[in-house]
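Okay, structure first, notes after.
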2 protein chains.
Amino acid sequence: MDESCTIYKTADFIGKRWTLIILLELSKGSGTKRYNELKKAIPGITPKILSERLKELEHEGMIKKRIDSSKFPIKCEYTLTKSGKEFFKIIQDMKKWSLKWKFNNKLCANSSCENCKL
Amino acid sequence: MDESCTIYKTADFIGKRWTLIILLELSKGSGTKRYNELKKAIPGITPKILSERLKELEHEGMIKKRIDSSKFPIKCEYTLTKSGKEFFKIIQDMKKWSLKWKFNNKLCANSSCENCKL
DNA sequence: CAGGATCCAAAAGGATACTG
DNA sequence: CAGTATCCTTTTGGATCCTG
């Protein structure tokens, strides 16, 4: 087994900093968010990294981008695809595993996590 | 949500380079391997990284280390714990997800993966 | 509004040699 | 055998400013 293995690549991908956070943020509420909404919702992320990760997620087919350029300024929307939503189930399993085995590591205990719908 | 979130930390942890590979290697065969067995089974890994990851995995309680220092040279064994084995199920779900959504990304097609029991 | 460009700091990993 | 120590390269991310 090496890096060309699908599982390795998958874990590597979602293990990247910010990726999971973006995925989680997108799965809250309506499932669709705009670039600046994400930026506000994710404290500390820089525009460069956010757009980098969004491109990666789109390239993996986990999110879909929609551009409304009919007016100025342009508006962009990002939505979880079916694949992205299904991956979310795996994330939830990871949560269950974490809660079962890491008792001292409380989930989303900080204020910015209060609305986490996981 | 931020980095103190359990899920984020979990994904970050298993997304680290080599971690998953080690986990997979350990779940083959008897479930127990020695340091040098792992090193041989995982081409390209350096001793430094391997021992680093093994310590991290042990610290997370996913593997257990057993030292036999009765004779020289010392022998060490690493075994998946219950927690580690349960995490393996999540890895297998990731595999299913990958196969469903990433058709062109064949699983373990290279020679070193031939014996992958996933 | 949604990023791209630039520059810089930090972290992670690789190569290799050595040891209890 | 099972690592540690050292040094060095590469990668990644952060800060900030700019623009169609």
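Chain identifiers are assigned alphabetically (A, B, ...) following the order of the sequence lines, protein sequences preceding nucleic acid strands; residue numbering begins at 1 within each chain. The model shown is predicted, which means the values in this text are computed figures rather than measured ones.
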Original post:
Just how far, in rounded Å, is P of dG3(D) from CD of Glu77(B)?
Top reply: 12 Å

**OP:** Examine dC1(C): is either OP1 or OP2 under 4.0 Å from a nitrogen or oxygen in the side chain of Tyr78(A)? Give yes or no.
**Re:** no

**OP:** Look at the side-chain N and O atoms of Arg34(A) and state whether any lies under 4.0 Å from the OP1 or OP2 oxygen of dA2(C).
**Re:** yes

Subject >> Whole angstrom value for the distance that separates P of dG20(D) from CD1 of Ile74(A) >> reply: 12 Å

**OP:** May I ask you to verify if any side-chain N or O of Lys16(B) is less than 4.0 angstrom from the OP1 or OP2 atom of dT12(D)?
**Re:** no

Original post:
Whole Å only: how far is the CD1 atom of Ile42(A) from the P atom of dG3(C)?
Top reply: 13 Å

Original post:
Taking the side chain from Trp97(B) and the backbone from Ser83(A), do they hold a donor-acceptor pair closer than 3.5 Å?
Top reply: yes

Subject >> Under the side chain to side chain donor-acceptor pair (under 3.5 Å) test, residues paired with Asp68(B) that sit two or more places apart >> reply: Ser70(B)

Subject >> Residue pair Thr32(A) / Thr79(A), side-chain donor-acceptor N/O under 3.5 Å >> reply: yes

Original post:
Please give, in whole Å, the distance from dA2(D) P to Leu54(B) CG?
Top reply: 11 Å

**OP:** Determine the contact category for Lys65(A): base if any of its heavy atoms lies under 4.0 Å from a base atom, sugar-phosphate if only primed atoms, P, OP1 or OP2 are that close, otherwise nothing.
**Re:** sugar-phosphate

Subject >> Which nucleotide in dA2(C), dA2(D), dC1(D) has an atom nearest any side-chain atom of Cys76(B) >> reply: dA2(D)

Original post:
Considering only side-chain heavy atoms of Pro47(A), which listed nucleotide, dA2(C), dG20(D), dT16(D), is closest?
Top reply: dT16(D)

Subject >> Position toward the 5' end of DNA chain D (nearest nucleotide), Glu52(B) or Glu56(A) >> reply: Glu52(B)

Original post:
Taking NZ from Lys39(B) and C1' from dC1(D), how many angstroms apart are they, rounded to a whole number?
Top reply: 10 Å

Original post:
Just how far, in rounded Å, is P of dC1(C) from OH of Tyr35(A)?
Top reply: 12 Å

Original post:
Looking at the side chain of Trp18(B), which of dG14(C), dG4(C), dG14(D) is the nearest nucleotide?
Top reply: dG14(C)

Subject >> Ser51(A), nearest nucleotide to its side chain (from dG4(C), dC1(D), dA2(C)) >> reply: dG4(C)

Original post:
Just checking Lys71(A): base, sugar-phosphate only, or nothing, at a heavy-atom cut-off of under 4.0 Å?
Top reply: nothing

**OP:** Check whether any side-chain nitrogen or oxygen of Thr46(B) sits under 4.0 Å from OP1 or OP2 of dT16(C), and answer yes or no.
**Re:** no

Original post:
Quick one: which of dG14(C), dA2(D), dC1(C) gets closest to the side chain of Ile49(B)?
Top reply: dG14(C)

**OP:** Calculate the interatomic distance between Asp68(B) atom CG and dA2(D) atom C1'; express it in whole Å.
**Re:** 13 Å

Subject >> Proximal nucleotide (of dG4(C), dG14(D), dA15(C)) relative to the Lys48(B) side chain >> reply: dA15(C)

Original post:
dA2(C) phosphate, OP1 or OP2: any side-chain N/O from Lys40(A) under 4.0 angstrom?
Top reply: no

Original post:
Lys64(B) and Thr81(B): which non-hydrogen atoms are nearest, and at how many Å?
Top reply: N-CG2, 3.9 Å

Original post:
Parallel, tilted or perpendicular for Tyr35(A) and Tyr78(A), by the 30°/60° rule?
Top reply: tilted

Original post:
Among dA2(C), dG3(D), dG13(D), which is the nearest nucleotide to the side chain of Arg53(A)?
Top reply: dG13(D)

Original post:
Can a side chain N or O of Arg17(B) be found less than 4.0 Å away from OP1 or OP2 on dT11(D)?
Top reply: no

Original post:
Can you pull the salt bridge (Lys or Arg N to Asp or Glu O under 4.0 Å) pairs that have at least one residue in residues 71-84 of chain B, sequence neighbours excluded?
Top reply: Arg66(B)-Glu77(B), Lys82(B)-Glu86(B)

Subject >> Between dA2(D) (C1') and Ile45(B) (CD1): distance, integer Å >> reply: 14 Å

